[in-house]
Amino acid sequence: MSGDSFDTLYRTWYRALVAKAFLVTAGHLNAAEDAAQEAFVQCWRRMNDPYGPPVQHWGGWLSTTVVREALRRRSQEVPFDLGRHDSAVTAPDLAVEVQLKEVYRRVCDEMARLKERPRQAMALRCIAGLSTAEVAEEMGITQSTVRVHLAEARRALEPLRIELRQLGMLNDEEGGRRG
């Protein structure tokens, strides 16, 4: 794989991946950026592995990888503080790119308020795009328990559904009520 292909992927996906990881880490920009960088390190290795299975859609693969990395880096000890992270929201020019800084802040705040397991299920299902079965396997729980966690997260985030779609974090399929 050429360096140009990797550079194109990086330029195309970096900001969106940091945005997803930022939500998953509940506003920890350093952890979000680290997760995005690790996703690209893994991408580089995968692109240059002649024996690895082919990747059909790098955007989906990167999204799944960054969410997994962000979940691994999620720190329980550091509370979410929007005042401290205000400059972090604009650091990757996310507010300018989507022109929804206040919505983004509210979404981050609401994601931070979710209990750990519903946040993890929501991140894997709706942000990374894994199926319910894949989320269950990743979390080591049953599919019905995943659906319970997703329902809890969706109830909490329901007032922000439109804003989540505008941010590109949910589409009609992901934001639906299906399992």
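These numbers come from the heavy atoms of this one structure, side chains and all, not from hydrogens, waters or symmetry mates. Keep in mind it's a predicted model, so treat the numbers as computed, not measured.
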In chain order, what residues pass the side-chain contact (heavy atoms from CB on, under 4.5 Å) check against [X], with sequence neighbours excluded?
X    : value
A35  : A21, V66, E69, A70, R73
V148 : none
A153 : L114, P118, M122

*Is any NZ, NE, NH1 or NH2 atom of the basic residue among E116 and R119 found under 4.0 Å from an Asp or Glu carboxylate oxygen of the other?*
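A salt bridge links E116 with R119.
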Residues in side-chain hydrogen bond (donor to acceptor under 3.5 Å, both in side chains) with [X], at least two apart?
X    : result
T64  : none
Q120 : R117
E137 : none
S144 : T142

_Distance-only side-chain donor-acceptor flag, E38 / Q42, under 3.5 Å_ =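 Present: a donor and an acceptor within the cut-off.
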*For the side-chain contact (heavy atoms from CB on, under 4.5 Å) test, which of F6, W13, Y10 pairs with C43?*
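In the set F6, W13, Y10, the residue that makes a side-chain contact (heavy atoms from CB on, under 4.5 Å) with C43 is F6.
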*Considering residues at least two apart in sequence or located in another chain, which fulfil the salt bridge (Lys or Arg N to Asp or Glu O under 4.0 Å) criterion with R68?*
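Partners of R68 under the salt bridge (Lys or Arg N to Asp or Glu O under 4.0 Å) test: E138.
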*asked:* Applying salt bridge (Lys or Arg N to Asp or Glu O under 4.0 Å), can you list everything that pairs with E110, at least two apart in sequence or on another chain?
replied: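 Scan of E110 (salt bridge (Lys or Arg N to Asp or Glu O under 4.0 Å), adjacent residues dropped) gives R113.
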*Flag the pair R45 / F40 as yes when at least one side-chain heavy-atom distance between them is below 4.5 Å, and no otherwise.*
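No. Closest side-chain heavy atoms not under 4.5 Å.
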_Quick check: do I141 and H149 have side-chain heavy atoms less than 4.5 Å from each other?_
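Of all side-chain heavy-atom pairs linking H149 with I141, at least one is under 4.5 Å.
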*Check ring-ring contact (aromatic ring centres under 6.0 Å, His included) between W61 and all other residues, then give those that pass, not counting sequence neighbours.*
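If we apply the ring-ring contact (aromatic ring centres under 6.0 Å, His included) test to W61, skipping adjacent residues, the hits are W58.
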